[in-house]
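Counting from 1, the numbers follow the sequence of the chain as shown.
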Amino acid sequence: MAANVFPFRDARAAPDPVLEVGPLAHGPLPLPLVLDNGSFQARAGWACPGPDPGPEPRLQFRAVCARGRGGARGGAGPQVGNALGSLEPLRWMLRSPFDRNVPVNLELQELLLDYSFQHLGVSSQGCVDHPIVLTEAVCSPLYSRQMMSELLFECYRIPKVAYGIDSLFSFYHNKPKNSVSCGLIISSGYQCTHILPILEGRLDAKNCKRINLGGSQAAGYLQRLLQLKYPGHLAAITLSRMEEILHEHSYIAEDYGEELQKWQCPDYYENNVHKMQLPFSSKLLGSTLTAEEKQERRQQQLRRLQELNARRREEKLQLDQERLDRLLYVQELLEDGKMDQFHKALIELNMDSPEELQSYIQKLSAAVEQAKQKILQAEVNLEVDVVDSKPETPDLEPLEPSLEDVESMNDFEPLFSEEAPEVEKPVTTVQPVFNLAAYHQLFVGTERIRAPEIIFQPSLIGEEQAGIAETLQYILDRYPKEVQERLVQNIFLTGGNVMYPGMKARMEKELLEMRPFQSSFQVQLASNPVLDAWYGARDWALDHMDDDEAWITRKDYEEKGGEYFKEHCASNIYVPIRLPKQASRTSESQAAGKGSGANEQA
């Protein structure tokens, strides 16, 4: 393979097997189920106690659904996650329960939960007799939490549930045990990027900020860039392939301007451009057909046309014959003297007189006879094979020139050049060499850094938002200098959209520019930015198994409603919203009455 040429993997998700519940799940205390409910990918597994709680979550799938039609893909039921296989053929049918990163569609969320419980081996018909730890968005709206609690307690009849923020669970998993820490969490996911200040181990909800940009917007921006660059491959530049380029070929530039200057150098471009190979077929249409095969194909097309015309003539003949039989039957009524029936039939035929009927019968009889003759002639022609060949010429005797002809030819010889005419050589046409593989390559150069850069410069895609560095500076300015020093000692990066190479170096450069001279700071990347949220939720569930102060029980739900939740180290914080008091209608009507009375007096 040539240098810097990378084929698209076009990975197709394998259907998830239905797993069996281990013996620990049905012990004296049922094991908690940990569900990381992400807008890009959902992860589910058990919180198993012991020194080795187990590897990755047992179930990982895309958080999308597609409702199949009757008979489509072998059934009419909805399909979820990895059961969809390749997403591109079904892109127009995909539905997600999320609006940004907040679940709002109860019906689709139920499909995701059913899929998770079924493939983990949990029967959800009667009830799910396991506590559940569920991740949610930062500052999740009460409506979303009410909907989720209602679904879990009413539909699945779970014993208790605990809600937590995914990035805080990741922070909880990476910090040392039993340490009260401060820090700033930068969590960038598929739809949003959050910056969360942590003070004394708890979220400062009043000063956390959200940027409405993530991996989804980067993939869409990269798709638009490459479609403008390669308009001949619009259909092949799909979102799935753009996500593959982002995950495997993109990086964050430490200095975006300097990096663009480097890409202007031809040598740097040639050494660093990634040539993405699109799938193609090396067989050109019509290149393997010989002259005989083309002739045979033309003959087959001619026969099909003749058969089609013959079939149309027969159908028309049948309709004309039926109409002629109807007219002859009406004429027989006239001959038999059944005048009432004859006049009634004549009115139905929209005719005025017997003469018009007779004229129409004659014309229709001639047309039927002519159609029969054409059908017979067509049948005769079908029996003869149509072969394109040169017309045979009769054998002609060679004519010898007479003496007079020879003498006349000699008279004209001086008029012609004495040089013998050159024999015309056949012109050899040189076919241009067309490299199909090179035509189906996407040269991804500066696009490798332009797409991920949008979280630092949202203006690249026309978004009027602040980037990560500006938002981080804005949050730090809201605290005293002493608190700022404590926060910047632990800048924690998590989420799938921070896995670009160079992300940590870029954040260190941005902090170096915004912090005072000779001040210290520290940037830490999560050990596994994608799965650490699930690992942290699992660790939290094991540490707080018997802590009733952190779990919402069925009794709490029935007494206090679905909006109720309990705070813990990784949860959202209750922030009361004080709305301005509105004047009552009675007071407004009284004021209006006083005003009208004053006007009347005036």
Side-chain angles (χ1 to χ4, degrees), residues 138-139 165-189 192-211 213-214 251-262 449 452-460 465-495 497-529 532 536 569-570 573:
V138 181
C139 300
I165 302 172
D166 50 0
S167 51
L168 289 183
F169 279 135
S170 179
F171 184 75
Y172 183 88
H173 176 71
N174 284 271
K175 77 179 183 67
K177 292 290 185 182
N178 301 322
S179 63
V180 178
S181 58
C182 298
L184 275 169
I185 301 176
I186 300 177
S187 172
S188 185
C192 301
T193 298
H194 292 93
I195 301 180
L196 313 176
I198 306 297
L199 295 174
E200 304 300 330
R202 301 301 293 272
L203 172 69
D204 184 8
K206 292 184 178 180
N207 291 319
C208 64
K209 297 297 176 184
R210 182 179 79 171
I211 305 170
L213 293 173
Y251 65 97
I252 295 286
E254 186 172 346
D255 189 300
Y256 185 68
E258 290 183 3
E259 193 71 17
L260 288 180
Q261 293 292 330
K262 292 180 183 179
I449 61 173
E453 184 68 18
I454 65 171
I455 60 175
F456 290 94
Q457 300 185 55
S459 60
L460 290 175
Q465 299 185 54
I468 287 182
E470 297 172 79
T471 309
L472 185 62
Q473 178 68 62
Y474 176 79
I475 292 176
L476 288 174
D477 289 343
R478 298 173 68 90
Y479 293 100
K481 291 185 177 181
E482 298 79 11
V483 180
Q484 291 183 25
E485 289 292 335
R486 292 164 55 194
L487 289 175
V488 297
Q489 297 307 315
N490 188 10
I491 305 289
F492 180 70
L493 306 179
T494 185
N497 204 40
V498 302
M499 296 181 68
Y500 300 111
M503 182 68 180
K504 183 178 178 182
R506 176 64 176 271
M507 287 305 308
E508 290 174 346
K509 175 183 175 296
E510 298 287 353
L511 283 165
L512 188 63
E513 292 178 353
M514 73 175 66
R515 296 300 299 155
F517 179 64
Q518 290 186 344
S519 63
S520 62
F521 56 85
Q522 186 175 2
V523 179
Q524 177 190 1
L525 185 65
S527 57
N528 190 333
D532 275 358
C569 61
I573 304 298

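- Ion pairing of E513 with K509 is present here, as a side-chain N (NZ or NE/NH1/NH2) and a carboxylate O approach within less than 4.0 Å.
- Annotation: side chain of I195 is not in contact with side chain of Y474 (no heavy-atom distance under 4.5 Å).
- Dense packing is recorded around OH of Y251, with more than 12 heavy atoms of other residues, nucleotides or ligands lying under 6.0 Å away.
- The only option from M503, Q473, K209, Q457 that meets the side-chain contact (heavy atoms from CB on, under 4.5 Å) definition with I468 turns out to be M503.
- Contact annotation: the side chain of T471 never approaches that of Q465 to less than 4.5 Å [non-hydrogen atoms, C-beta and beyond].
- Salt bridge present: R506 and E453 bring a charged side-chain N and a carboxylate O closer than 4.0 Å.
- Taking 4.5 Å as the limit, every side-chain heavy atom of V498 sits out of range of all side-chain heavy atoms of I455.
- If you take OH on Y479 and CG on L184, they are separated by 7.5 Å, rounding to the nearest 0.5 Å.
- Side-chain atoms of S187 never come within 3.5 Å of backbone atoms of H194 as a donor-acceptor pair (strictly under, hydrogens ignored).
- The minimum heavy-atom distance linking S167 with L196 is given by the pair OG-CD1, 3.2 Å.
- Looking at heavy atoms from C-beta onward, D166 lies out of side-chain contact with T494 at the 4.5 angstrom threshold.
- A donor-acceptor contact shorter than 3.5 Å is absent between the side chain of E259 and the backbone of E254.
- Across E485 and S519, no two heavy atoms sit closer than the pair OE2-CB, 4.2 Å.
- The residues R515 and E508 are annotated as not salt-bridged, no charged nitrogen and carboxylate oxygen being separated by less than 4.0 angstrom.
- Looking at every heavy atom in both residues, D204 comes nearest to N207 through OD2-ND2, 2.8 Å.
- A salt bridge is absent between R486 and E482; no separation between the charged side-chain nitrogens and carboxylate oxygens falls under 4.0 Å.
- Nearest heavy atom pair, residue G214 against residue I454, reads O-CD1, 4.4 Å.
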